[in-house]
Amino acid sequence: MASLTWKHHTLIQALISRGPLKEKEFESIFTSVTGRNPGAAKKIFDKYLLEINKELSYVHFELRACRDQYDGQVCYGVVNTVSDDQSKLGTKYSVPQIAFFKGIIEAIAQDEAAQGCISGFDALNIRLENQLPSEASSSQQQQVPPAFKNFSMSQKDKTIDELVRDKWLCRTGEGNIGLGIRSLLDLRSWFRNNDVPSCEVCNEAGVKADLCPNEGCTVRIHKYCLKNLLSQRDDKVCSGCGKPWPLGTITKEEAVEAAVDEEEEEEEENETQATALRSKKRKQKSQRDSSENVSSQASFASTSGATRRRVTRSAAHLS
């Protein structure tokens, strides 16, 4: 197996040092490093990711992509694949902070309404002792660690700010607390192990999703997945109950808007490719012009030399 080049290492380092990146940011770095546009050279882009993941697998890491469930944008990040809850946050956070974070993701992920968030008030009132093993939590109160008892509201508020800054959590437009892109990337196995219902379309955890309103149906679909479906057909039926999926908050105008956005992205990609082609042609023309100038200068120098030799011989003859 060929070892990774400096280009591979640069891509890995960019994700580790900056944290998860939006698709456009990561593709821009890829273009700067390799000189190739991922849109025009998708096979090369995929080959780089495959080569990186083959090497990262030896140290239990993975370069992974997923959609941000709050805005639908694709993101890339390097994640830890070891199934250890505390290793997900490393040693930066204390045991009470990790327990607090776990309480928040449980409250968000296990919400039957799939709103994808909880209020700041609810987050601050999460009880850390509920994160103790079942045998410890059922025992007497004095067995709760002092660090859990003494974890104050101000410490919780500060921890939330740190988790948001590190992209483990996020603040929604309404000021609520949601899961950050790092959690969506890194906790995929946790979602499966804790039976968090998945999106019917993409099969990723449906933390923030639209629910089928038909009674007794448990199907949920991410809003961006639903938009894509409605942009293709209006008679979408629920795969769970077989009844038509109501438009609800997703109007036909929004579905058309999603289709227009895709067309604009394709046009932008085509324009990028056209620009690259024009740049290549200009470079080739410049090289040809430069070559012609060199040839002209050489020809001129040769002609000038021959003329000087004739003038010298004529002068010698006259003398």
Side-chain angles (χ1 to χ4, degrees), residues 19-20 22 66-73 75 77 85-86 88-89 92-132 134 137 141 144-145 147-188 190-199 204-213 217-227 248-250 254:
K22 299 290 187 182
C66 80
R67 284 190 181 274
D68 187 330
Q69 297 192 19
Y70 299 87
D71 60 18
Q73 295 189 49
C75 298
D85 290 335
Q86 294 193 5
K88 300 299 181 180
L89 292 176
K92 174 180 177 180
Y93 296 92
S94 66
V95 173
Q97 286 180 314
I98 294 173
F100 180 53
F101 171 70
K102 187 177 179 182
I104 292 176
I105 63 173
E106 286 181 353
I108 294 173
Q110 295 175 0
D111 176 21
E112 294 183 357
Q115 298 179 62
C117 62
I118 59 175
S119 68
F121 177 81
D122 289 338
L124 291 174
N125 282 280
I126 287 176
R127 299 176 64 86
L128 272 64
E129 54 266 30
N130 293 339
Q131 302 306 317
L132 293 172
S134 56
S137 60
Q141 180 70 20
V144 176
F148 281 26
K149 291 181 180 180
N150 300 329
F151 201 66
S152 65
M153 285 290 184
S154 61
Q155 288 176 301
K156 289 180 178 179
D157 192 45
K158 182 180 178 181
T159 299
I160 290 175
D161 289 339
E162 290 182 20
L163 291 167
V164 169
R165 184 170 58 251
D166 293 340
K167 302 181 181 180
W168 289 105
L169 296 177
C170 71
R171 296 189 187 276
T172 66
E174 297 78 18
N176 294 322
I177 307 299
L179 296 187
I181 187 58
R182 180 167 285 178
S183 291
L184 295 172
L185 279 165
D186 212 272
L187 301 179
R188 183 178 291 172
W190 185 92
F191 294 137
R192 294 196 185 102
N193 294 337
N194 287 271
D195 299 322
V196 177
S198 60
C199 171
E204 290 287 347
V207 176
K208 179 174 174 55
D210 285 2
L211 306 180
C212 177
C217 184
T218 59
V219 169
R220 59 178 65 186
I221 302 179
H222 296 129
K223 178 166 285 191
Y224 46 83
C225 292
L226 189 57
K227 281 184 178 182
T249 57
I250 305 297
E254 288 178 319

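Sequential numbering from 1 along the given sequence is applied to the chain's residues. Since we're looking at a predicted model, the values are computed, not measured. No hydrogens, no waters, no symmetry mates; every other heavy atom, side chains included, goes into these values.
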Looking at Leu211, is its backbone amide N or carbonyl O close enough to the side chain of Arg220 to form a donor-acceptor pair, meaning the two atoms are under 3.5 Å apart? no
Should the pair Asp161-Arg171 be classified as a salt bridge under the 4.0 Å nitrogen-to-oxygen rule? yes
So which atom in Cys199 and which in Ile221 form the shortest heavy-atom distance, rounded to 0.1 Å? SG-CA, 3.7 Å
Would you check, one step at a time, whether the test side-chain contact (heavy atoms from CB on, under 4.5 Å) holds for Leu187 with Arg182? CA-CA 8 Å; Leu187 301 179; Arg182 180 167 285 178; over 6 Å; no
Ile118 CD1 to Asp111 CG distance, which is reported to the nearest 0.5 Å: 9.5 Å
Do you know which of Lys92, Glu162, Lys156, Lys102 makes side-chain contact (heavy atoms from CB on, under 4.5 Å) with Gln97? Glu162
Do the charged groups of Arg188 and Glu204 touch, with an N to O distance under 4.0 Å? yes
Phe101 and Thr159, any side-chain heavy atoms less than 4.5 Å apart: no
Gln69 (side chain) donor-acceptor with Gly116 (main chain) under 3.5 angstrom: no
Nearest 0.5 angstrom please: Trp168 CH2 to Ile98 CD1, how far? 10.0 Å
Phe191 versus Leu179, closest heavy-atom pair with distance: CZ-CD1, 3.8 Å
Stepwise side-chain contact (heavy atoms from CB on, under 4.5 Å) check, Ile177 with Cys117: CA-CA 5 Å; Ile177 307 299; Cys117 62; 5.9 Å; no
Taking all atoms of both residues into account, what is the closest heavy-atom pair of Ala123 and Ile160, and its distance? CB-CD1, 4.0 Å
Can you tell if the side chain of Leu185 reaches within under 4.5 Å of the side chain of Lys167, non-hydrogen atoms only? no
How close do His222 and Gly206 get, counting heavy atoms only, and between which atoms? NE2-CA, 3.6 Å
Roughly how far, to the nearest 0.5 Å, is NZ of Lys158 from OG of Ser152? 10.0 Å
Please round to the nearest 0.5 Å and tell me the distance separating atom CD1 of Ile105 and atom CH2 of Trp190. 4.0 Å
Closest non-hydrogen atom pair between Ile181 and Pro20, with its separation: CG2-CB, 3.7 Å
Taking the side chain as every heavy atom from C-beta outward, state whether Leu132 and Pro145 have any atom pair closer than 4.5 Å. yes
Lys208 NZ to Gln115 CD distance, which is reported to the nearest 0.5 Å: 8.0 Å
Minimum-distance pair of heavy atoms, taken over all atoms of Leu128 and Pro96: CD2-O, 3.4 Å
Give, for atom OH of Tyr224 and atom OH of Tyr70, the distance between the pair rounded to the nearest 0.5 Å. 10.5 Å
